[in-house]
Asker: 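Supplied in structure tokens, the structure appears directly below.
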Amino acid sequence: MTHKEQQSIEALKKSILNLKAVTPAEHFERVVNLVQVLRTECPWDRKQTPESLAHLLLEESYELVHAIDTGDDPELKKELGDLFLHVCFQVLLADEAGKFSFVDVFEALCHKLISRHPHVFGDVKAETEQDVLGNWENLKMKEGRKSLLDGVPKAMSELLRAYRVQKKVAGVGFDWPSDEGVLDKLTEEIGELRKATDKQEREEEFGDLLFTIVNYSRFIDTNPEDSLRKATNKFMDRFRKVEEAVQASGKSWQEFSAEELDALWNEAKKQS
């Protein structure tokens, strides 16, 4: 690092420590400067790449969702900050490599949102949410995509990925006419799973069943990932109550009969 570059970093450090940011723009600039300093001064931050930070970006997103689920506003504030830190980091890494800057990111975002909302910024009519979704997918195709399914991230959980795929095709009318058809399909898939004779067939039929369950979630206006997460959290909360009762008894798990554990479970359900 040259003497001039070191002076620049020292000036940034001083401004970060002394600046009393008031406006959103001032706070934004302070965070960006902070990340720039970390990239220069911290050994861990210096060695990071977009790829090395990808899993941390996912972890921060999950922690953010957890804060939303628990209604923990102080934690939500922190997790939003952590997520924004990773966004800043990714943009600054791209800027270092001469790929794009914050200006490019914001310009691309505004362009996309304006062009995909012609019912807000143009003359297109969209009276319902379905109209908006249909317009959105049609506009994506006009932007050069060869398939409606292009752009569905492979890194998503498969539950959420199935949901996204189904919403996309439903947006152009490829959908069940009503939830009754989906429920009939569920019954059919359960029957086929019962008849499966080997591991490969059971796995395939189980996948079909899960895919159909995800399809039904759209008709009851719920995200399957949210529903499963809440169900898992509920189970964990109830199991902890059973666990506490077992520990308080002084006996081991093996000393409880299935009926006794079931009674503890039912008691836990009454408390939640």
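We're numbering straight along the sequence, starting at 1.
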Asker: Please, which pairs that meet ring pair (Phe, Tyr, Trp, His ring centres under 6.0 Å) have at least one residue in residues 161-218, sequence neighbours excluded?
Answerer: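 Every candidate ring pair (Phe, Tyr, Trp, His ring centres under 6.0 Å) pair involving residues 161-218 fails, so no pair, neighbours aside, qualifies.
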Asker: Do L34 and F84 sit in the same hydrophobic cluster, where Ile, Leu, Val, Met, Phe, Trp and Tyr count as joined when their side-chain heavy atoms come under 4.5 Å apart?
Answerer: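 Different hydrophobic clusters.
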Asker: Provide the closest heavy-atom pair for A245 versus L264 in the form atom of the first, atom of the second, distance.
Answerer: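 Heavy-atom minimum between the residues: CB-CD2, 3.9 Å.
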Asker: Could you measure the distance from the CG atom of L38 to the CG atom of L85? Nearest 0.5 Å is fine.
Answerer: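 Output value for this atom pair is 7.5 Å.
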Asker: Is the number of heavy atoms from other residues, nucleotides or ligands under 6.0 Å of Q200 CD greater than 12?
Answerer: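 No.
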Asker: With salt bridge (charged side-chain N to carboxylate O under 4.0 Å, His left out) as the criterion, how do K146 and D150 come out once you've worked through the C-alpha distance, each side chain's angles and the decisive distance to 0.1 Å?
Answerer: CA-CA 7 Å; K146 296 180 179 179; D150 287 348; over 6 Å; no
Asker: Using the rule that two of Ile, Leu, Val, Met, Phe, Trp, Tyr join whenever any of their side-chain heavy atoms come within less than 4.5 Å, decide whether F102 and V35 are in one cluster.
Answerer: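 Looking at the clustering, V35 is in the same group as F102.
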Asker: Apply the hydrophobic cluster definition, ILVMFWY joined by side-chain contacts under 4.5 Å directly or through others, and give me every member besides L64.
Answerer: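 Cluster partners of L64: L57, I68, L76, L80, L83.
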Asker: Could you tell me whether E10 and K14 have a side-chain N and a carboxylate O separated by less than 4.0 Å?
Answerer: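 Looking at K14 together with E10, the answer is no, because their closest N to O distance does not fall below 4.0 Å.
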Asker: Please tell me if the side chains of V165 and V214 come closer than 4.5 Å, counting only heavy atoms from C-beta onward.
Answerer: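 A side-chain contact is absent here, since even the closest heavy-atom pair is not under 4.5 Å.
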Asker: Other residues, nucleotides and ligands only: do more than 12 of their heavy atoms fall within 6.0 Å of NZ on K251?
Answerer: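 More than 12 within 6.0 Å, yes.
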Asker: Out of curiosity, E201 CD to L193 CG, how far, rounded to the nearest 0.5 Å?
Answerer: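 Result: 9.5 Å between the selected atoms.
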Asker: Would you indicate whether the side-chain heavy atoms of R46 and T40 approach each other to under 4.5 Å?
Answerer: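 No, too far: nothing below the 4.5 Å cut-off.
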Asker: Supply the atom-to-atom distance E29 CD to T23 OG1, rounded to the nearest 0.5 angstrom.
Answerer: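 Answer rounded to 0.5 Å: 9.0 Å.
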Asker: Looking at residues at least two apart in the chain, or sitting in another chain, which of them share a salt bridge (charged side-chain N to carboxylate O under 4.0 Å, His left out) with K185?
Answerer: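 Only E188, E189 meet the salt bridge (charged side-chain N to carboxylate O under 4.0 Å, His left out) criterion with K185.
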Asker: Are the side chains of L56 and E59 in touch, meaning some heavy atoms are under 4.5 Å apart?
Answerer: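 Counting from C-beta outward, L56 and E59 do come under 4.5 Å.
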Asker: Roughly how far apart are L113 CG and L109 CG, rounded to 0.5 Å?
Answerer: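 With rounding to 0.5 Å, CG (L113) is 4.5 Å from CG (L109).
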Asker: Is the shortest heavy-atom distance from the side chain of E205 to the side chain of L209 under 4.5 Å?
Answerer: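 They are not in side-chain contact.
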Asker: Which pairs count as side-chain hydrogen bond (donor to acceptor under 3.5 Å, both in side chains) when at least one residue sits in residues 96-109, sequence neighbours excluded?
Answerer: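 Every pair satisfying side-chain hydrogen bond (donor to acceptor under 3.5 Å, both in side chains) with a residue in residues 96-109: R39-E96, S101-D104.
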Asker: How would you list all residue pairs meeting ring pair (Phe, Tyr, Trp, His ring centres under 6.0 Å) that involve residues 116-135, not counting sequence neighbours?
Answerer: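 Applying ring pair (Phe, Tyr, Trp, His ring centres under 6.0 Å) to every pair that reaches into residues 116-135, excluding sequence neighbours, yields H117-H119, H117-W136.
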Asker: Any side-chain donor paired with an acceptor under 3.5 Å for S217 and T222?
Answerer: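 Their side chains do not contain a donor-acceptor pair, so the 3.5 Å distance test is not met.
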Asker: Checking T49 against S52 for the side-chain contact (heavy atoms from CB on, under 4.5 Å) test, could you report, in this order, the C-alpha distance in whole Å, the side-chain angles of both residues, the deciding distance, and whether it holds?
Answerer: CA-CA 5 Å; T49 66; S52 70; 3.4 Å; yes
Asker: Side chains of I213 and L186: does their closest heavy-atom pair fall under 4.5 Å?
Answerer: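 SC-SC contact between I213 and L186 confirmed.
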Asker: Give me the atom names and distance for the closest heavy-atom approach of L53 to Q90.
Answerer: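 Scanning both residues completely, I find the closest heavy atoms to be CB-NE2, 3.7 Å.
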Asker: Checking side-chain polar atoms at under 3.5 Å, does D131 have a donor or acceptor matched by the opposite partner on T128?
Answerer: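 A pair is found: one side chain offers a donor N or O, the other an acceptor, under 3.5 Å apart.
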Asker: Do L160 and N223 have side chains that get closer than 4.5 Å, going by heavy atoms?
Answerer: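 Heavy-atom side-chain distance check passes, below 4.5 Å.
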Asker: Which residue pairs satisfy the salt bridge (Lys or Arg N to Asp or Glu O under 4.0 Å) criterion with at least one member in residues 152-174, sequence neighbours excluded?
Answerer: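 Residue pairs passing salt bridge (Lys or Arg N to Asp or Glu O under 4.0 Å), neighbours aside: E137-K168, E158-R161.
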Asker: Salt-bridged, R218 to D175, with N to O below 4.0 Å?
Answerer: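 Salt bridge flag = yes for D175 with R218.
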Asker: Could you tell me which non-hydrogen atom of S15 sits nearest to which non-hydrogen atom of L12, and how far apart they are?
Answerer: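 Answer, listing the atom of S15 first, then L12: OG-O, 2.7 Å.
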Asker: Between L139 and P118, is any pair of side-chain heavy atoms under 4.5 Å apart?
Answerer: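 Result yes, sub-4.5 Å side-chain heavy-atom pair found.
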Asker: Can you hop from V32 to F89 via hydrophobic side chains spaced under 4.5 Å?
Answerer: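 Same cluster.
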Asker: Assess whether a salt bridge exists between E41 and K13, defined as any Lys/Arg side-chain N lying under 4.0 Å from an Asp/Glu carboxylate O.
Answerer: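 K13 and E41: salt-bridged.
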Asker: Partners of E259 by salt bridge (charged side-chain N to carboxylate O under 4.0 Å, His left out), sequence neighbours excluded?
Answerer: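 With sequence neighbours excluded, E259 shows a salt bridge (charged side-chain N to carboxylate O under 4.0 Å, His left out) to no residue whatsoever.
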Asker: What are the two closest non-hydrogen atoms of P50 and L93, and how far apart are they?
Answerer: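 Nearest heavy atoms, P50 then L93: N-CD1, 3.7 Å.
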Asker: Taking the side chain as every heavy atom from C-beta outward, state whether D179 and I220 have any atom pair closer than 4.5 Å.
Answerer: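 No, side chains not in contact.
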Asker: Would you mind listing every ring pair (Phe, Tyr, Trp, His ring centres under 6.0 Å) that reaches into residues 234-272, with sequence neighbours excluded?
Answerer: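 Passing the test, one end in residues 234-272: F235-W265, F239-W253.
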Asker: Which atoms form the tightest heavy-atom contact between A126 and V132, and what is the distance?
Answerer: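 For A126 and V132, the tightest heavy-atom pair comes out as CB-CG2, 3.9 Å.
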Asker: Go through the steps to decide whether R238 and K241 satisfy the test side-chain contact (heavy atoms from CB on, under 4.5 Å), and finish with yes or no.
Answerer: CA-CA 5 Å; R238 290 174 178 176; K241 289 183 172 63; 5.7 Å; no
Asker: Hey, mind stepping through K199 and E203 against salt bridge (charged side-chain N to carboxylate O under 4.0 Å, His left out) and telling me if it holds?
Answerer: CA-CA 6 Å; K199 182 181 183 302; E203 182 177 345; 3.6 Å; yes
Asker: Not counting sequence neighbours, list each pair that qualifies as a salt bridge (Lys or Arg N to Asp or Glu O under 4.0 Å) and has a residue in residues 261-272.
Answerer: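 For residues 261-272, and leaving out neighbouring residues, there are no salt bridge (Lys or Arg N to Asp or Glu O under 4.0 Å) pairs at all.
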Asker: Can you confirm whether H111 is buried at NE2, in the sense that more than 12 heavy atoms of other residues, nucleotides or ligands lie under 6.0 Å from that atom?
Answerer: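 No, because the 6.0 Å sphere around NE2 of H111 holds 12 heavy atoms or fewer from other groups.
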Asker: Quick one: do L92 and V103 end up in the same hydrophobic cluster if we chain Ile, Leu, Val, Met, Phe, Trp and Tyr together by side-chain heavy atoms under 4.5 Å apart?
Answerer: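 L92 and V103: separate clusters.
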Asker: In chain order, what residues pass the salt bridge (charged side-chain N to carboxylate O under 4.0 Å, His left out) check against K195, with sequence neighbours excluded?
Answerer: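 With neighbours one apart ignored, the set is empty.
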Asker: So which atom in F219 and which in S178 form the shortest heavy-atom distance, rounded to 0.1 Å?
Answerer: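 Taking every non-hydrogen atom into account, CE2-C, 3.6 Å.
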Asker: Around H66, counting heavy atoms of other residues, nucleotides and ligands shown, do more than 12 lie under 6.0 Å from its NE2?
Answerer: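 Counting neighbours around NE2 of H66, 12 or fewer heavy atoms of other residues, nucleotides or ligands fall under 6.0 Å, so no.
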Asker: Is it the case that atom CD in E255 sees more than 12 heavy atoms from other parts of the structure closer than 6.0 Å?
Answerer: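 Yes - once you tally the heavy atoms of other residues, nucleotides and ligands closer than 6.0 Å, there are more than 12.
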Asker: Suppose we screen for side chain to side chain donor-acceptor pair (under 3.5 Å). Which residues come up paired with S147, at least two apart in sequence or across chains?
Answerer: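 In terms of side chain to side chain donor-acceptor pair (under 3.5 Å), with neighbours along the sequence ignored, S147 is linked to no residue.
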Asker: If hydrophobic clusters are built from ILVMFWY residues whose side chains come within less than 4.5 Å, do F28 and V37 share one?
Answerer: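 Each belongs to a different hydrophobic cluster.
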Asker: If you round to the nearest 0.5 Å, how far is OG1 of T212 from CD1 of I190?
Answerer: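 Interatomic distance, I190 CD1 to T212 OG1, rounded to 0.5 Å: 9.5 Å.
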Asker: Please collect all salt bridge (Lys or Arg N to Asp or Glu O under 4.0 Å) contacts where either partner lies in residues 67-83, sequence neighbours excluded, each pair once.
Answerer: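 Applying salt bridge (Lys or Arg N to Asp or Glu O under 4.0 Å) to every pair that reaches into residues 67-83, excluding sequence neighbours, yields D69-R229.
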Asker: Apply the test side-chain contact (heavy atoms from CB on, under 4.5 Å) to residues E243 and V246: give CA-CA distance (whole Å), side-chain angles for both, the deciding distance (0.1 Å), then the verdict.
Answerer: CA-CA 5 Å; E243 196 173 31; V246 170; 5.7 Å; no
